2 protein chains.
Amino acid sequence: MVTLAEVARHAGVSASTVSYVLSGKRPISAVTRRRVTASIEQLGYQPHAGARALASSRSRIIALMVPLRTDMYVPVMLEIAVAVATTARAHGYDVLLLTGEEGPSALRRVTGSGLAEAVILMDVQLDDGRLPVLRTAGPPAVLVGLPADPAGLNCVDLDFRAAGALCVDHLAGLGHREIAVIGESPGVYARHTGFAERTLSGLRSRAAEREVRMLHRPCEGSHDAVAGVLARILDERPHVSAFVVQNETAVEPLLALLRRTGRAVPEDVSVVAVCADQIAAQASVPLTSVAIPAQELGRRAVERLIARLTGRPDGEGAAGVELLTPVLTVRDSSGPPPPPRTPGA
Amino acid sequence: MVTLAEVARHAGVSASTVSYVLSGKRPISAVTRRRVTASIEQLGYQPHAGARALASSRSRIIALMVPLRTDMYVPVMLEIAVAVATTARAHGYDVLLLTGEEGPSALRRVTGSGLAEAVILMDVQLDDGRLPVLRTAGPPAVLVGLPADPAGLNCVDLDFRAAGALCVDHLAGLGHREIAVIGESPGVYARHTGFAERTLSGLRSRAAEREVRMLHRPCEGSHDAVAGVLARILDERPHVSAFVVQNETAVEPLLALLRRTGRAVPEDVSVVAVCADQIAAQASVPLTSVAIPAQELGRRAVERLIARLTGRPDGEGAAGVELLTPVLTVRDSSGPPPPPRTPGA
DNA sequence: GGGGAAAGTCGAAGCGCTTCGACGACGCAT
DNA sequence: ATGCGTCGTCGAAGCGCTTCGACTTTCCCC
């Protein structure tokens, strides 16, 4: 292994000079700099990460905690993770992968040992067990997701309340008066996952404002589960003319079932989804949808962290919530409700 | 930050003693050990990762390189990654997340700087650009996937050839004489991704052996693409009585299209998939399938790496290929082919 | 009862890097 | 000319840990 000292000898300078060439923290003459960089190149020198971390107490690593369970939302999770890794690299950081399994103690471990300088948490619950650690003298952190009380925390998320409202607005604007919401699996609500509840709240309040009747049902992703939920909804509310779906795995089953029961989309019934754009676009009926900006979320999370890490303390990005504005893309699955059956007959 | 020295002072012993208590590399009396562990506990001591890595030249980190593109196979990728992280932790290792973006140079960087002791590569191509680095004095590595020439490399994968053969055997055993294979998107074959080509080769050779006629078509995941491919297959080979699908996103579209064109599964046509068990089980017709043992793959990859890292040089797990035996689970989507139409009429 | 091995502990020497203070050599204003 | 600030470089002191050799004590076996 090539060390700094060997580079220094080879270039005929002192070790500190090499270090300063590398870090740029002191002025170095052009001549010397060239000699040093040439030696570095020739010897194939790579600074030792551990030694660097020890001497500078900066590991240039951020930890990313992904949920262990994979019962939902999987492609989005991976996309966020990849965006985090890519953005972090662009800023000279590497990413350590933690699973939710170890819980809060993983944060302490990784942070207390100086392994990671900061953390990004995904899949945040409204009342997340990892939050106390972060509030009390925790490491710099950014949450992807929004807990119940974001005070003193740094959060990035899609504005799911607005997303819900947007769906209702779109449907109400088309003339729908009664809609049904097919949500994530019951477990997601039971865990009080922020995004699910916030979407719901956005849907509910906007529905109330616009005098749209609304029914919400959690739903597992399997075909059979969707069939059951759909049957019950149609039984309970025969006049439902539109569905809002927030459950990636329920999308295709729903479309298939509507088709099978002779309901045309969007002529007889409209469908609006809150899901990854790719899913919406590739569906058997391309879906009008509010996209989940996975890449953007990952990117923003890292950028906030870096700002916090490199910025003046409590300067930019110290804390606060950043909610991305949802965008609704109209595709083929939404239209005006069918004319009422009775008046014409 | 609490240091080893402070713990030593607090416990009334020397620093090296504390170190030996931690590592167990030298015998320590029970009394001393208790005093030391108590101090560690009280002070909340955590060894500094960088210092450790520097002094021992072991970072206890393994790098995991995931593909950047997410055009296929996403849930499986995440599942493998999570399994890797979990297993690694169980052995005292952490996982650094690399994306394919940086390519071979990321391997050099992370390994040359002592950041990671070893690497796991996912989504290996038959002729992967990262392989030369690994063969020539590279770091310990395990590939999840199988390149064209695995000589000198450590690989773990599902035996996709056998998986292909298994599908043919199952269908041939039921009496099918003519099948069609709906594959991954063309790009996957263009990249020469190992698993896709190996599955195909297994399908082909077994089909030849059992005198089954077979047609293979790559296919994008969108509903429209599947519709096009299906139409062409049925046009070209009207007597196809079974499909083998290796494309997670094509599964539901295919089932929907068969249904819509009045073909009952499995009465009129059988479907066998090579995909994650969850997808197969949750499909609108629960699919007979060969599962992709994502967790097992991640676990085995780490275990081989650890064996290599801790074992005597060139002892256990030095190199070689480990192929997991595929398992075919019969569900509702496969049955005997329909009786020929002519003889009865 | 004496020799040797094993147990238990300590001190010191690094591991490879960053960073601080110091120092000579300039250039500029006085 | 003299003094001061800057530039460019060096030496040395750690950062917190592991590990080696050495030392003392204990124990066992002949």
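These figures come from a predicted structure and were not determined experimentally.
In this structure, B:Ser14 and B:Ala55 both approach DNA chain C, and ranking their closest nucleotides by distance from the 5' end singles out B:Ser14. Between B:Arg26 and B:Ala5, it is B:Ala5 whose nearest contact on DNA chain D lies nearer the 5' terminus.
For the side-chain contact (heavy atoms from CB on, under 4.5 Å) criterion with A:His91, the lone passing option out of A:Ile306, A:Leu309, A:Ile62, A:Thr310 is A:Ile306.
Using a 4.0 Å heavy-atom distance criterion, B:Thr32 is classed as a sugar-phosphate-only contact. Within the nucleic acid shown, A:Ser16 comes within 4.0 Å of at least one base atom, counting heavy atoms only. Within the 4.0 angstrom heavy-atom criterion, base atoms lie near A:Ser19.
Taking 4.5 Å as the limit, every side-chain heavy atom of A:Val66 sits out of range of all side-chain heavy atoms of A:Asp123.
Classification of B:Arg300 and B:Glu303 as a salt-bridged pair holds, one side-chain N sitting under 4.0 Å from a carboxylate O. Ion pairing between B:Glu117 and B:Arg60 fails under the 4.0 Å rule for side-chain N and carboxylate O.
In 5' to 3' order, the nucleotides of DNA chain C bounding all contacts with chain A (an atom under 4.0 Å from a heavy atom) are C:dG16 to C:dA22.
The closest donor-acceptor contact from the side chain of B:Ser19 to the backbone of B:Ala15 lies at 3.5 Å or more, if one exists at all. Counting only distance, with no hydrogens or angles, the side chain of A:Arg26 and the backbone of A:Tyr20 share no donor-acceptor pair below 3.5 Å.
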